[in-house]
Amino acid sequence: MKALTGIVLILLAGLAASIWIGFHTKLSEGTLPYDDDQRGISEQVVIKFSHVVAENTPKGLAAQRFADRVNQVSDGNIKVEVIPNGGLYSDQEELEALKRGDIQMIAPATTKLSSFSSKWQVLDLPYMMPTRDSIIEAVNGEIGETLLQSLEENNLKGLTLWTNGFKQLTTNDGPIVQPSDLKGQHLRIMPSHVLKKQFELVGAKAVGLDFNETYRLLESGKLNGEENTISNIYSKKFFDVQSNLTISNHGFLGYAVIMNEDFWSKLTNEQQTVISKALEETTRWNQKQSFEMNDEQLSLIEDNSSIDIHYLTNEEKRKWFERWQPVYLEFEEEIGKELMSKMIQLRNSHKDF
Ligand code: LMR
């Protein structure tokens with residue numbers, strides 16, 4: 001019996017010793033056992049990316065492409081969740097939600113940033129960027145950089161600029177060929193002093209309203225018309241509730257991709273690099289794909305709807321351009337003479353009508 005007790009004691013002592021040595025070795029090697037899932041969850045960064053347009057649009061597709069790329073490259077450690085169609089916040093609300101930190105990323109139309117810095121108004125001036133090349137030159141160059149930097153004053157991190165395309169005119173009281181054809185019409189615009197003035201100059205009454213209110217107001221006849229890109233006219237079916245579309249290419253619609261500065265600065269260098277690289281790739285893709293998408297969807301509207309389409313001739317464009325010159329003068333001071341003269345130089349080197 002004594003011998004048996006001795007053997008059991010020796011075995012227990014051996015077991016205790018090997019357990020101690022095992023733990024000790026692991027501790028000294030810094031390889032404490034852990035649960036992969038728990039680690040993943042506690043370190044995962046979630047970025048809620050909210051926007052107001054449909055998924056199948058230049059912004060909707062770019063946002064999803066960016067999200068997929070970040071999720072893939074970071075191996076799921078950074079998770080970008082895209083919420084389209086104003087599903088969480090309307091145009092006005094999303095900026096406030098970003099500032100509060102309720103969401104981490106948005107890509108509003110540049111127009112909607114003029115309340116932060118009046119410099120952004122330069123992109124809204126009619127025919128300021130007359131060609132696609134002029135748009136790319138402006139957004140990718142010094143002008144785009146200046147505008148993105150201006151957001152810092154508001155604790156916002158401007159990351160990149162995406163394009164949608166040229167704005168066109170639609171109405172249920174057309175055709176719109178001459179500036180006087182808009183006289184007395186009620187139009188929806190994005191909230192903007194420049195856009196309001198632009199339409200005042202041709203005798204129209206333009207009201208700044210949320211994007212996702214537009215269809216209902218056009219359908220009910222409370223509004224006669226609106227201005228937007230083909231992609232937005234197509235994806236929100238404005239062509240179903242409008243009788244006339246004028247391809248005027250009179251204005252630009254693009255997006256500033258932004259984050260809350262506090263959120264951005266708390267990310268590690270490595271996380272910032274993953275996001276910046278994914279954005280670089282997405283921006284290159286967006287700036288090509290957005291124009292193609294507007295072209296394709298114009299053909300679809302032409303082939304599948306009864307809306308009458310008029311393409312402004314160069315001579316007609318010149319008339320609108322002349323009529324809109326006072327808006328340049330009125331906003332020059334607010335925008336700043338230096339930025340204004342850079343843009344006008346760019347415009348003059350590209351103007352093709
Ligand atoms: C609009 O309000 O018309 C646009 O800003 C919508 C968008 O984001 O493209």
Side-chain angles (χ1 to χ4, degrees), residues 49-64 66 82-98 103 105-116 120-121 123-124 126 129 135 139 147 158-171 186-196 198-199 204 206-219 223-239 241-242 245 248-258 282-283 286-287 289-291 293-294 297-298:
F49 187 163
S50 170
H51 69 80
V52 298
V53 292
E55 284 113 315
N56 190 28
T57 54
K59 177 162 63 180
L61 292 174
Q64 194 52 55
F66 163 72
V82 182
I83 305 110
N85 285 312
L88 268 187
Y89 298 105
S90 71
D91 325 39
Q92 298 309 305
E93 293 163 350
E94 67 178 17
L95 275 159
E96 292 311 314
L98 183 80
I103 46 176
M105 203 165 173
I106 59 173
T110 58
T111 310
K112 294 169 189 167
L113 295 171
S114 29
S115 56
F116 290 132
W120 287 95
Q121 298 182 121
L123 301 182
D124 287 323
M129 289 170 282
I135 292 176
V139 299
L147 292 172
L159 294 162
T160 190
L161 289 160
W162 287 347
T163 52
N164 182 324
F166 288 116
K167 285 183 290 180
Q168 321 295 353
L169 296 162
T170 68
T171 182
H186 282 72
L187 307 174
R188 181 267 168 179
I189 50 167
M190 291 180 268
S192 147
H193 297 302
V194 167
L195 301 181
K196 201 169 165 56
Q198 166 190 294
F199 286 116
V207 196
L209 294 166
D210 278 351
F211 177 61
N212 284 306
E213 288 290 296
T214 313
Y215 181 92
R216 195 176 53 81
L217 294 168
L218 292 173
E219 188 188 29
L223 289 173
N224 300 106
E226 56 88 53
E227 56 160 14
N228 227 310
T229 58
I230 289 298
S231 136
N232 281 340
I233 293 167
Y234 178 78
S235 58
K236 290 292 173 186
K237 292 198 169 18
F238 296 161
F239 62 86
V241 288
Q242 296 278 267
L245 164 63
S248 52
N249 287 349
H250 68 277
F252 164 69
L253 176 60
Y255 308 108
V257 182
I258 54 186
T282 310
T283 299
N286 153 265
Q287 291 182 354
Q289 183 270 352
S290 56
F291 294 120
M293 187 163 207
N294 275 284
Q297 294 180 339
L298 177 57

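Scope of the values below: all heavy atoms of this structure, side chains included, with no hydrogens, waters or symmetry mates. Numbering of ligands and ligand atoms starts at 1, following listing order.
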Engineer: Among all residues two or more places apart in sequence or in another chain, which pass the side chain to side chain donor-acceptor pair (under 3.5 Å) test with Lys236?
Structural biologist: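 Partners of Lys236 under the side chain to side chain donor-acceptor pair (under 3.5 Å) test: Asn85, Asn212.
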Engineer: With sequence neighbours left out, write down each residue that passes side chain to side chain donor-acceptor pair (under 3.5 Å) with Gln64, or none if nothing qualifies.
Structural biologist: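 Checked Gln64 against side chain to side chain donor-acceptor pair (under 3.5 Å); matches are Asp68.
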Engineer: My understanding is that only residues two or more places apart in sequence, or in another chain, count here; which of them pass side chain to side chain donor-acceptor pair (under 3.5 Å) with Glu213?
Structural biologist: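 Partners of Glu213 under the side chain to side chain donor-acceptor pair (under 3.5 Å) test: Arg216.
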Engineer: Are the side chains of Gln287 and Thr283 in touch, meaning some heavy atoms are under 4.5 Å apart?
Structural biologist: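 Side-chain contact under 4.5 Å: yes.
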Engineer: Show the protein residues that qualify under the rule heavy atom under 4.0 Å from an atom of ligand 1, listing them in chain and number order.
Structural biologist: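 Ligand 1 pocket, heavy atoms under 4.0 Å: Val52, Val53, Lys59, Asp91, Ala109, Lys112, Arg188, Met190, Phe211, Asn228, Asn232, Leu253, Tyr255.
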Engineer: Do Ile106 and Leu95 have side chains that approach each other closer than 4.5 Å (heavy atoms only, starting at C-beta)?
Structural biologist: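 Side chain of Ile106 against side chain of Leu95, heavy atoms only: contact under 4.5 Å found.
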Engineer: Within a strict 4.5 Å, meaning less than it, do heavy atoms of the Met190 and Asp91 side chains meet?
Structural biologist: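 The answer is no; the side chains never approach within 4.5 Å.
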